[in-house]
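Lettering of chains follows the sequences in order, A, B, ..., and the numbering in each one begins at 1.
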Protein chains: 2
Amino acid sequence: MPDTAGPPPLGAAFLLAQLGAHATARYAEKVASLDLDPAQTGVLHLIGRQPGGSQQALASRLGVAASRVVALVDGLESRGLLERRRSATDRRNYELHLTEQGQRLLGQLRLVAQAHEHDITAALSGEERSRLVDLLRRIADQQGLLPGVHPGYRRLPARNR
Amino acid sequence: MPDTAGPPPLGAAFLLAQLGAHATARYAEKVASLDLDPAQTGVLHLIGRQPGGSQQALASRLGVAASRVVALVDGLESRGLLERRRSATDRRNYELHLTEQGQRLLGQLRLVAQAHEHDITAALSGEERSRLVDLLRRIADQQGLLPGVHPGYRRLPARNR
DNA sequence: TATTGTTATACTCTATAACTATA
DNA sequence: TATAGTTATAGAGTATAACAATA
């Protein structure tokens with residue numbers, strides 16, 4: 001009997017951490033097909049939802065350093081997906097907008113997200129999936145997490161498999 | 001109406017990623033009180049459960065490079081939490097064992113994990129928690145995840161707040 | 001003097017590859 | 001020749017701090 005102690009951890013907290021890392025890695029794989037990484041998709045989603053914001057606003061929303069937003073926006077702008085427009089009222093900052101190409105890509109990104117949702121929840125029936133979402137939302141609320149903002153922009157999953 | 005598109009993503013996959021990152025960050029905070037990081041706790045748990053294994057075995061279990069295990073084991077050994085014993089049958093490899101102090105720390109670690117589980121699922125009743133665990137396990141099974149092994153050892157959460 | 005964006009720098013983490021000692 | 005462990009090196013990713021332009 002080599003086992004000194006019980007079975008491996010199987011609580012909800014561990015499963016959430018395990019599945020969260022898995023879901024993130026799978027998402028990274030999927031968006032790579034659009035030549036994007038998860039952080040870039042977050043930027044596209046945020047600008048698509050609220051155009052005209054500054055880079056500072058983006059940085060605080062994402063919870064990252066402003067210098068990182070520079071690099072992020074640089075990459076997307078050079079690909080013609082978004083554009084910086086100098087604000088007329090305060091010429092220190094930019095207003096960030098998606099280009100038409102960026103909006104088309106965002107549309108494809110939403111399809112990828114749907115496929116991702118489908119794949120991750122493949123084990124569940126529609127009703128079970130709804131119950132899961134309800135439970136998860138309640139945990140997220142109680143834990144003080146903001147809808148649509150996840151704290152994982154600080155790290156990218158390396159190649160896992 | 002600044003919103004070009006609908007609400008923020010609220011599907012199960014996104015919530016899993018968000019909550020997973022959150023649970024991981026909270027866990028890291030908690031084990032820091034024992035002067036450990038999540039990767040080190042994984043090592044302690046694995047050795048505690050299956051003593052005598054080699055560093056290579058540990059590396060493949062954790063899915064990390066062997067060179068990283070060296071540093072990980074170095075740190076824990078220098079604190080007197082585990083020891084390397086040269087194998088009598090094959091003197092190339094070590095057999096890893098927890099010291100008594102390591103076993104005591106592992107006991108405290110299990111208490112921390114319990115508290116963590118309690119905190120993360122504070123929004124749910126006991127029955128709801130059971131249903132959640134059931135749903136999550138079925139997803140983990142279907143996704144091919146191994147019990148007790150999570151792919152998040154590659155990254156540590158930076159200071160989040 | 002404070003703020004937006006930028007650049008330069010340093011730091012952390014990790015894997016890869018070269019090395020040793022055993023087999 | 002192959003394998004366990006170690007060390008050295010290089011790369012990726014990020015934040016911090018210094019800087020320029022504008023307010």
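- Between B/R68 atom CZ and D/dA8 atom C1' the separation is 18 Å, expressed in whole Å.
- As a whole-Å value, the separation of A/L62 CG from D/dT14 C1' is 14 Å.
- Rounded to whole Å, atom P of D/dT6 lies 12 Å from atom CG of B/L72.
- Using a 4.0 Å cutoff on non-hydrogen atoms, the parts of residues 52-60 of chain A near DNA chain C are A/S54, A/Q55, A/Q56, ordered by number.
- With a 6.0 Å cutoff to the six-membered ring centre and a 45° limit on the axis angle, A/R86 counts as a cation-pi contact of A/Y94.
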Working for side-chain contact (heavy atoms from CB on, under 4.5 Å), residues B/Q114 and B/E117: CA-CA 5 Å; B/Q114 278 181 18; B/E117 175 76 7; 5.6 Å; no
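- Following rounding to the nearest Å, A/L96 (CG) and C/dT4 (P) show an atom-to-atom distance of 13 Å.
- Note: CD (A/Q40) to P (D/dT14) measures 11 Å, nearest angstrom.
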Between A/Q101 and A/R79, does a side-chain contact (heavy atoms from CB on, under 4.5 Å) hold up when you go through it step by step? CA-CA 9 Å; A/Q101 189 186 344; A/R79 285 167 61 182; 5.9 Å; no
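- Side chains of A/Q108 and A/V112 form no contact here, defined as non-hydrogen atoms less than 4.5 Å apart.
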Do nucleotides 17-23 of chain D as a string where each nucleotide becomes B, S or -: B if the base has a protein heavy atom under 4.0 Å, S if just the sugar-phosphate does, - if no protein is that close. -----BS
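- For A/A65, the listed nucleotide lying nearest its side chain is D/dT16; candidates were D/dT6, C/dG5, D/dT16.
- Spacing between atom CZ of B/R86 and atom C1' of C/dT22 amounts to 9 Å, rounded to whole angstrom units.
- Using a 4.0 Å cut-off between charged nitrogen and carboxylate oxygen, A/R137 and A/D141 do not count as a salt-bridge pair.
- In this structure, of D/dT7, D/dT14, C/dA15, it is D/dT7 that holds the atom nearest to the side chain of B/V70.
- You'll find that the side chain of A/A66 is closest to C/dT6, out of D/dG5, C/dA15, C/dT6.
- By the 4.5 Å heavy-atom criterion applied to side chains, B/K30 and B/D119 are counted as neighbours.
- B/H97 pairs by the ring pair (Phe, Tyr, Trp, His ring centres under 6.0 Å) definition with nothing, not counting sequence neighbours.
- Counting only N and O atoms by type, the side chains of A/R26 and B/Q143 include no donor and acceptor under 3.5 Å apart.
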Would A/L96 and A/V43 satisfy side-chain contact (heavy atoms from CB on, under 4.5 Å), going step by step from the backbone distance to the final call? CA-CA 10 Å; A/L96 300 174; A/V43 171; over 6 Å; no
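- Close to C/dT6, at under 4.0 Å from its OP1 or OP2, lies a side-chain N or O of A/R84.
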